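Just below is one structure, and these are the notes that go with it.
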Number of protein chains: 2
Amino acid sequence: MTDILRHRPGYALRRAANAMMAELARRLGTIDLRIAEASVLLLIDGRTDATASEIGRILDIQRANMVPLLNRLEEAGLIERRPIDGKSQAVLLTGAGRARRHEADAITTAFEEDLMARIAPGHRDHLVPALDALWGEAPQHEDHSHGDHSHEDNSHEDNSHAG
Amino acid sequence: MTDILRHRPGYALRRAANAMMAELARRLGTIDLRIAEASVLLLIDGRTDATASEIGRILDIQRANMVPLLNRLEEAGLIERRPIDGKSQAVLLTGAGRARRHEADAITTAFEEDLMARIAPGHRDHLVPALDALWGEAPQHEDHSHGDHSHEDNSHEDNSHAG
DNA sequence: GCCAGATCGTTATTGACAATAGCATTCCTG
DNA sequence: CAGGAATGCTATTGTCAATAACGATCTGGC
């Protein structure tokens, strides 16, 4: 019945990603973190100079979308914003943030192990390389029909998340 | 830099899926279709008895979310709703819908070929099997804390889309 | 024939994530 | 110092998904 869908790489990819995301979101929910939030915690651990813009660039989260995300983390007492200069501010983990990061790390690591365990050994090692081949190469959006894009990096469409 | 992310299966999966989705959405956008809409067109082609509920079950789209989706398709003149009985209605393609489905099919097929072409031959054949292993088995949500789930299938979290 | 339970389509609301446009401030460089 | 770039932010919109609730209809058991 759904075989028409099952062998379609695009559909399988979408669906697997969704199932994965839902499950990971559920698990991270137990420590009151969203996926994107956990990604940030994992990323800035050990750093004291990561700016919001930089985090956004790495995780492919728009500058604008970083704001409410960081606000939530700050309100939860997990991160702290410390001015670097008048314009930038470093985002760094608080004590509570480090503890939470630890939990998040345990959850995502365990999750990924569960994930890989579901895949037959013969296929297992090929998954990540295959996926990596798919993500980076935005296959030439020709023009975007903008014409200028003077400032603002003209990045692509992806996003963030740990997992 | 992003190597910390790149080797994480969950992150790679999420990111690959997003890049893929964005690209497919862009291509389908040229014929004024969203991914979910194209999925429906591809699914109901050749059928005259597919109900909204059934489509939703197959594509894992909630009944409630089928409504606006089908409304858009109907307003675009691509589908037609025909009463089966007082309660159910068949969703079937109009002439324009069949034509559009054809275009959508060409686009998604070409897209998937491009997708696979990006993957090194050695990995290529393992992707779909690996992904399929990930999606179906919702790894026991223990309980869902509902207690009963008498009616309504207790499906999981995925969704739809061709691609 | 009637009633209970299931199913169908629908409305409405909420959530997560993303994209865009625009703005004030600050930094950097010539 | 001036102009361009970067930073952080507000506000809005869009896509997809989940939930709750409702009226209506179908179905099976009696």
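Here is the naming used below: chain letters follow the sequence lines, and residue numbers restart at 1 for every chain. Values in this document were obtained by computation on a predicted structure and should not be read as measured data.
As a whole-Å value, the separation of A:Q62 CD from C:dG22 C1' is 14 Å. B:R63 places its CZ atom 13 Å from the C1' atom of D:dA24, with the value rounded to the nearest Å. Counting to the nearest Å, the P atom of D:dT15 and the CE atom of B:M20 are 17 Å from each other. As a whole-Å value, the separation of B:I55 CD1 from C:dT7 P is 18 Å. Per the geometry, CE belonging to B:M66 stands 14 Å off P belonging to D:dA18, to the nearest Å. Computed from coordinates, the B:L70 CG to C:dC8 P distance equals 14 Å when rounded to whole Å. Between A:R26 atom CZ and D:dA18 atom P there is a gap of 14 Å when expressed in whole angstrom units. With rounding to whole Å, B:L69 atom CG is found 11 Å from D:dT15 atom C1'.
We find that A:R26 and A:E23 are joined by a salt bridge, their nearest charged nitrogen and carboxylate oxygen being less than 4.0 Å apart.
Qualifying side chain to side chain contact (heavy atoms under 4.5 Å, CB included) partners for B:A96, counting only residues two or more places apart in sequence or in other chains: B:L78, B:T94. Annotation: side chain to side chain donor-acceptor pair (under 3.5 Å) contacts of B:T109 (sequence neighbours excluded): B:D105. Taking the side chain to side chain donor-acceptor pair (under 3.5 Å) definition, one finds that B:R124 meets it with nothing, sequence neighbours left out. Scanning for side chain to side chain donor-acceptor pair (under 3.5 Å) contacts around B:D49 gives B:R47, with sequence neighbours left out. Residues meeting the side chain to side chain donor-acceptor pair (under 3.5 Å) test with B:H123, sequence neighbours left out: A:H126.
Within the structure, every side-chain polar atom (N or O) of A:R14 is placed at least 4.0 Å from both OP1 and OP2 of D:dT15. At least one side-chain nitrogen or oxygen of B:R57 sits closer than 4.0 Å to the OP1 or OP2 atom of C:dC8.
Residue pairs that meet the ring pair (Phe, Tyr, Trp, His ring centres under 6.0 Å) test with at least one member in residues 42-85 of chain A, sequence neighbours left out, do not exist here. Residue pairs that meet the salt bridge (charged side-chain N to carboxylate O under 4.0 Å, His left out) test with at least one member in residues 79-89 of chain A, sequence neighbours left out, are A:E74-A:R81, A:E80-A:R82.
Residue A:A36 places its side chain closer to C:dC17 than to any other of D:dG8, C:dT10, C:dC17.
For residues 76-88 of chain B, proximity to DNA chain D is found at B:D85, B:G86, B:K87, defined as any non-hydrogen atom under 4.0 angstrom from a strand atom.
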Nucleotide N/O of nucleotides 12-16 of chain C paired with protein N/O under 3.5 Å:
unit_1 : atom_1 : unit_2 : atom_2 : d
C:dA16 : OP1    : A:R34  : NE     : 3.4
C:dA16 : OP2    : A:R34  : NH2    : 2.7

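Test B:I35, B:L33, B:D114 against B:R27 for side-chain contact (heavy atoms from CB on, under 4.5 Å) and you get one pass: B:D114.
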